[in-house]
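Quick note on labels: first sequence line is chain A, next is B, and so on, each numbered from 1.
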Amino acid sequence: MKREIERLLLGALEGARRRGLLAWETGTAVEVEVPREEKHGDYASNIALVLASRLKERPRRIAEIVRDCLDDPGRILDRVEIAGPGFLNFFIRESYWSERLGVVEEEGDDYGSCDLGRGKKIQVEFVSANPTGPLHIGHARGAVVGDVIARCLAAAGYEVQREYYINDAGNQMANLGRSVYYRYLQAAGRDVSLPENCYQGDYIKDLAAALLKRDGTVHLDRPEEEVIPLFSDYAGGEILAGIKEDLRAFGVVFDRYFSEKELYRDDTVGKLLAELEERGFIYREDGTRWFRTTAFGDEKDRVVVRQNGEPTYFAADIAYHRNKFQRGFDEVIDIWGADHHGYIARMQAGIQALGYPKEALRVVLVQLVNLLRDGRPVAMSTRAGEFVTLREVVDEVGRDAARYNFLMRRSDSHLDFDLEVAKRQSNDNPVYYVQYAHARIASILRTAAQKGFTVPAFRETPRHLLTLPEEIALIKAILHYPEIVEGAARALEPHRLTFFLNDLAAVFHSYYNKHKVVSEDAELTKARLFLVAAVRQVLRNALGILGVSTPDQM
RNA sequence: GCCCCCGUAGCUCAGCAGGAUAGAGCACCGGAUUCCUAAUCCGGGUGCCGCGCGUUCGAAUCGCGCCGGGGGCACCA
């Protein structure tokens, strides 16, 4: 709908230019927005105000010229008003709204999709937690945000790949192996205590016990350096399997798990460093090698090879990101915890040094979650092994409520997640509000079926009967939906969908309370059945992007 | 010390690439159910949009400075 207005406006500007009325240059961005106030029309444009200063002409005068040049063969508009300092307010002909409703039927499950990303390959990398322990509540938010961003992009026409990066080459995995090894010794009756910095938590003991059961005591008297890799591999593998399972239960599935080790297999990192050095981006100092990230706006240069000859995490990460681009992605999106924000500048410097534009990497920061129970903070410490796992949250509050709650705020703002509130099946909990709208429609359709009504095809729908203010409001909401999806994909802001859903459900609930869909009037019933079926379709499509279910009964 | 994010109603937060009288949910008060599920609806809001200056026809939105909160400034990942 917005597109159509933009097209009309563009046509008018073009016409005015051709007739010599307006020295408008092709290529000027034309903006159309939905005004806050209803009396300012269904759509509004500030084009006259924007052009005014450039053309040195009164804005209202420009607005008049534009309005006079409007050509509306499809009779979309009822009228165009010029208001305030020179806004053009477009009022859609009321019956036109319901005429457009047919698109929902035509497009069905695809309604809301667009071709913003057509022909573009995009990758979303998220979660990427080291397999040193089960995913906890902090990972849950990033998991949902990444997942839903991926779904939004898919709806926007991108070819999307979801990837999980496993940092399994560093010393954290060795540390994990050592932790399990010592627990294994203890389980076998040896009197040893856990070295410093070891992972605590019962899952370590469980892994040790499982290994003892599987292999017996064969590892007991072998040198530590020899057996620890074995313990690392075993523990990492088991934990990763658990992570995958927990994610699946949460509705998050990856296309690929990428192991950091892959980057060392063919000395990818070494070759990359040599190449960068050749191009002059790397210099040596005090036995280390530095990447000149300041050349691309970073605040200081960064070490890529340590004094001991080991490449840093950053070095591997540049190699990893180049690997992504080499796989043919036009754009790469990383979902990071907000504590990693300082890393963005150097990462973007890295990809620029490789010849990719800065914009090719977009980073979405996800803020911490404050976990509460009945308003009181839940204490957590990963190191001490005290944390609420993702699995526990999903089991306790349910997948739908958990996902929805994580999507109710911008991802870069702090989020309070109260287990009791999320679990409560009341109006504290917006997910049920929206799902209830879906269930109610299902209920209406059941009642209708009992009385012999089915949802009519659009061309058999007496849509001219949909004239109530609540009906027009519903139709408008339905027709705005594609704009919401596109905006969410463009800005990588999935929370826009939850806000839209709350609004749509509110309009529907209000309508439901005031008017009967199924009545004695067969024609009216048909029209309203089509309308609520369209609402149901939008609820399904939008909740589908959020990965939240659409129950027919509650 | 330097850098990033945040500061909007009692609470939690929206406010889409500056726009016309700043919104929602919660909480609180009152009301609605012979009728498609009351997990619903209807009514009730006097907010220095942290403060100041600037850019602009126009600033919650952009810039600069300050105040307050959080995070980051590794040859850790």
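Both the sub-6.0 Å distance and the 45° axial angle are satisfied by A/R79 relative to the ring of A/F91. Under a cutoff of 6.0 Å and an axis angle of 45°, A/R440 and A/Y512 form a cation-pi pair.
For B/U61 and B/U33, the C1' atoms lie 45 Å apart once the distance is rounded to whole Å. To the nearest whole angstrom, the two C1' atoms, one in B/C42 and one in B/G47, are 25 Å apart. A gap of 11 Å separates the C1' atoms of B/C64 and B/U55, to the nearest Å.
Counting only heavy atoms from C-beta on, A/Y343 has its side chain closest to B/A77 among B/C75, B/A77, B/U40. Checking B/A39, B/A20, B/C75 against the side-chain heavy atoms of A/W290 singles out B/C75 as nearest. For A/R409, the listed nucleotide lying nearest its side chain is B/U12; candidates were B/A77, B/A38, B/U12. Listed nucleotides: B/G72, B/G19, B/A14. Nearest to the side chain of A/V50: B/G19. In the set B/C36, B/G72, B/A20, B/A20 carries the atom at the smallest distance from any side-chain atom of A/N89. Side chain of A/R440, nearest nucleotide from B/C75, B/A38, B/A77: B/A38. Considering only the side chain of A/D416, B/U12 comes nearest among B/U12, B/A17, B/C41. The side chain of A/H495 lies closest to B/A14 when the candidates are B/A39, B/C36, B/A14. The side chain of A/H341 lies closest to B/G71, out of B/C73, B/C41, B/G71. The side chain of A/E33 has B/C16 as its nearest neighbour among B/A38, B/C16, B/G23.
Between A/Y512 and the phosphate of B/A38, there is a side-chain N or O to OP1/OP2 separation shorter than 4.0 Å.
Remark: B/A59 base-pairs with no nucleotide; criterion is Watson-Crick or G-U wobble with both hydrogen-bond distances under 3.5 Å. Pairing for B/C26 goes to B/G10, judged as Watson-Crick or G-U wobble with the two contacts each under 3.5 Å.
Residue ring and nucleobase are stacked for A/F87 and B/A20, with a centre distance beneath 5.5 angstrom and an angle between planes beneath 30°.
When the C1' atom of B/C4 is taken as reference, atom CZ of A/R346 falls 13 Å away, rounded to whole Å. One can place CG of A/D286 at 11 Å from C1' of B/C75, the figure rounded to the nearest angstrom. Rounded to an integer number of Å, the gap from A/N46 CG to B/U56 C1' is 13 Å. Rounded to an integer number of Å, the gap from A/H340 NE2 to B/C3 C1' is 17 Å. For the pair A/K516 NZ and B/C41 P, the computed distance is 17 Å after rounding to whole Å. Look at CD on A/E483: it is 15 Å from P on B/C16, rounded to the nearest Å. If you take CD of A/E81 and C1' of B/A20, they are 13 Å apart, rounded to a whole angstrom. If you take CG of A/N171 and C1' of B/A74, they are 13 Å apart, rounded to a whole angstrom.
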>> Determine whether A/F499 and A/M408 satisfy the following criterion, side-chain contact (heavy atoms from CB on, under 4.5 Å), listing intermediate values before the conclusion.
In response: CA-CA 7 Å; A/F499 279 88; A/M408 289 194 315; 5.7 Å; no

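Ion pair A/K2/A/E4 not flagged as a salt bridge, since none of the NZ, NE, NH1 or NH2 atoms sits closer than 4.0 Å to an Asp/Glu carboxylate oxygen. Using a cutoff of 4.0 Å between basic side-chain nitrogens and carboxylate oxygens, A/E520 and A/K451 are not scored as salt-bridged.
When heavy atoms are screened at a 4.0 angstrom cut-off, A/H509 is found touching the sugar-phosphate backbone but no base atom.
Here the CG atom belonging to A/L272 is positioned 7.0 Å from the CD1 atom belonging to A/I282, to the nearest 0.5 angstrom.
When each of A/R446 and A/S411 is assigned the nucleotide of RNA chain B bearing its nearest heavy atom, the one mapping closer to the 5' terminus is A/S411.
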